Amino acid sequence: MNLILFDDNDRLDAQRMHLRDPVRLRHLREVHHATPGDELSVGLVGGALGRGRLQSLDDTGAIFTVTLDREPPAPLPVHLLLALPRPRMLARTLEHVTALGVKRLTLLHTRRVEKSYWQSPELSPEKIRHHLRLGLEQARDTHLPCVTFEPRFKPFIEDRLPAHLSGRRALIAHPGMATTCPRGLEEPVTLAIGPEGGFVPYEVERFEALGFEGVHLGERILRVETAVTALLARLF
């Protein structure tokens with residue numbers, strides 16, 4: 001936990017925050033070995049970063065006096081379209097993409113996504129928010145990504161996605177594409193990444209019909225969480 005992330009429910013007054021979450025309290029004691037008077041990096045969800053001086057710490061909570069005076073890191077200019085990963089992999093992937101600065105994520109159904117994945121408890125709002133916050137705390141960021149679900153591929157591709165592509169470069173990452181993934185982009189990008197088995201040909205064709213450029217990372221077949229990290233690091 002590189003950042004103690006508060007929200008408005010933690011606020012006591014204009015300058016004081018009350019941390020009550022038992023997991024983060026244990027982290028303060030066992031990892032930071034925090035004692036009253038220590039200063040730690042803090043932030044407010046949706047707001048600024050700064051420093052917090054620990055005033056008190058016991059089993060019921062920790063009280064900080066905070067100064068929030070710095071902007072969080074700039075977001076990546078990317079809308080990530082990600083075929084819904086296996087539930088266990090989803091948790092790690094959410095944390096990774098949040099830490100890297102993705103602020104717009106669409107979880108998408110494709111032919112090779114098991115329908116049972118959409119029934120997973122990992123898709124509950126509480127679980128999603130938990131993993132997004134872990135990613136923010138890792139990267140010292142404060143702005144939660146917007147996560148949307150598209151459990152029906154065809155209506156999304158035909159009815160909703162085209163309206164979001166104006167002014168953006170559209171890329172589909174898929175093994176066997178002719179073009180190597182570009183580097184160091186500054187323009188807004190919509191990036192589509194398939195499941196571990198990849199997109200089926202029909203899905204690739206539908207993306208390409210909307211103007212998506214096919215790109216690859218080489219001959220190796222990567223796990224989704226690895227491919228996402230490698231693609232984002234290379235593109236931006």
Side-chain angles (χ1 to χ4, degrees), residues 45-47 71-85 90 93-113 117-118 123 125 128-129 131-132 135-136 139 141-195 197-217 222 224-225 227-236:
V45 172
E71 291 298 312
L76 293 186
V78 63
H79 178 191
L80 179 60
L81 311 179
L82 181 64
L84 182 65
L90 173 64
T93 302
L94 288 172
E95 294 172 22
H96 290 172
V97 301
T98 303
L100 287 167
V102 171
K103 299 303 178 187
R104 196 171 168 202
L105 170 64
T106 297
L107 295 172
L108 175 66
H109 185 74
T110 66
R111 184 76 57 82
R112 291 180 173 137
V113 171
Y117 293 175
W118 291 98
L123 288 179
I128 294 286
R129 185 177 176 87
H131 292 297
L132 298 181
L136 293 181
D141 193 357
T142 60
H143 288 283
L144 289 163
C146 174
V147 180
T148 56
F149 304 125
E150 291 290 349
R152 299 176 63 205
F153 179 83
K154 189 175 179 181
F156 172 65
I157 290 291
E158 292 182 351
D159 301 334
R160 290 184 286 281
L161 181 56
H164 297 292
L165 296 178
S166 177
R168 308 180 69 86
R169 184 171 179 179
L171 304 174
I172 175 174
H174 186 68
M177 291 296 187
T179 304
T180 302
C181 181
R183 297 177 182 269
L185 301 184
E186 296 182 358
E187 62 196 303
V189 172
T190 297
L191 172 65
I193 302 175
F199 293 111
V200 299
Y202 165 78
E203 292 162 349
V204 174
E205 291 169 5
R206 297 310 302 267
F207 278 115
E208 290 181 332
L210 291 177
F212 278 73
E213 308 168 47
V215 299
H216 69 84
L217 282 172
L222 305 176
V224 171
E225 60 190 291
V228 169
T229 302
L231 285 160
L232 292 174
R234 184 178 178 117
L235 286 169
F236 304 105

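Numbering of residues begins at 1 and proceeds along the displayed sequence. Only a predicted model underlies this, so the values are computations on that prediction, with no experimental measurement involved.
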- Mind checking the CG-OG1 spacing from L132 to T98? Nearest 0.5 Å is all I need. 4.5 Å
- Note on the structure: Those residues at least two apart in sequence (or on a different chain) that pass side-chain contact (heavy atoms from CB on, under 4.5 Å) with T106 are H79, L81, T148, E150, F156
- Query: Just wondering, are more than 12 heavy atoms of other shown residues or ligands nearer than 6.0 Å to CZ in R152?
  - Reply: no
- Under a 4.5 Å cut-off applied to non-hydrogen side-chain atoms, are V228 and L80 in contact? yes
- Message: Using side-chain heavy atoms (C-beta onward) and a distance below 4.5 Å, is L90 in contact with L123?
- Response: yes
- Message: Please check this pair: side chain of R112 against backbone of G197, looking for a donor-acceptor N/O pair closer than 3.5 Å.
- Response: yes
- Task: Identify the heavy atoms of L231 and A173 that sit nearest to each other, and give their distance.
- Result: CD1-CB, 3.6 Å
- Query: Taking C-beta and beyond as the side chain, do L232 and L191 meet within less than 4.5 Å on heavy atoms?
  - Reply: yes
- Message: Which heavy atom of T93 sits nearest to which heavy atom of P85, and what is that distance?
- Response: OG1-CG, 4.5 Å
- Atom pair CZ (F199) and CZ (R111), whose distance is rounded to the nearest 0.5 Å: 12.5 Å
- Item | Close side-chain approach of L76 to V97, heavy-atom, < 4.5 Å | no
- Query: Under the salt bridge (charged side-chain N to carboxylate O under 4.0 Å, His left out) rule, what pairs show up with a residue in residues 227-236, not counting sequence neighbours?
  - Reply: none
- Where F236 and L185 come nearest, the two heavy atoms and their spacing: CD2-O, 3.5 Å
- Does some side-chain heavy atom of L94 sit less than 4.5 Å from a side-chain heavy atom of L105? yes
- Query: Residues in salt bridge (charged side-chain N to carboxylate O under 4.0 Å, His left out) with E225, at least two apart?
  - Reply: R92
- Query: Which heavy atom of A139 sits nearest a heavy atom of A99, and at what distance?
  - Reply: CB-O, 3.2 Å
- If you measure from CD1 on I157 to OG1 on T110, what distance do you get to the nearest 0.5 Å? 10.5 Å
- Message: My understanding is that only residues two or more places apart in sequence, or in another chain, count here; which of them pass ring-ring contact (aromatic ring centres under 6.0 Å, His included) with F153?
- Response: F207
- Task: With sequence neighbours excluded, tell me which residues meet side chain to side chain donor-acceptor pair (under 3.5 Å) with R168.
- Result: T190
- Message: Please enumerate all residues that pass side-chain contact (heavy atoms from CB on, under 4.5 Å) together with P72, with sequence neighbours excluded.
- Response: L49, D141, T142, H143
- Task: Output every pair passing side chain to side chain donor-acceptor pair (under 3.5 Å) with a member in residues 197-210, not counting sequence neighbours, ordered by first then second residue.
- Result: E158-R206, Y202-R206
- Nearest non-hydrogen partners of I172 and M177, listed with the distance: CG2-CE, 4.3 Å
- Return the set of residues passing side-chain contact (heavy atoms from CB on, under 4.5 Å) with A170 (not counting sequence neighbours), or none when no residue passes. L165, F212
- Query: Side-chain contact, heavy-atom cut-off 4.5 Å: R160 with P155?
  - Reply: yes
- Grab the two heavy atoms, one from V102 and one from P145, that are nearest each other, plus how far apart they are. O-CG, 3.3 Å
- Message: Going by the rule side-chain contact (heavy atoms from CB on, under 4.5 Å), which residues pair with H109 if we only count those two or more places apart in sequence or in a different chain?
- Response: V113, K115, W118
- Item | By salt bridge (charged side-chain N to carboxylate O under 4.0 Å, His left out) - contacts of E187 (at least two apart) | R169
- Query: Does L235 reach the side chain of V78, with side-chain heavy atoms less than 4.5 Å apart?
  - Reply: no
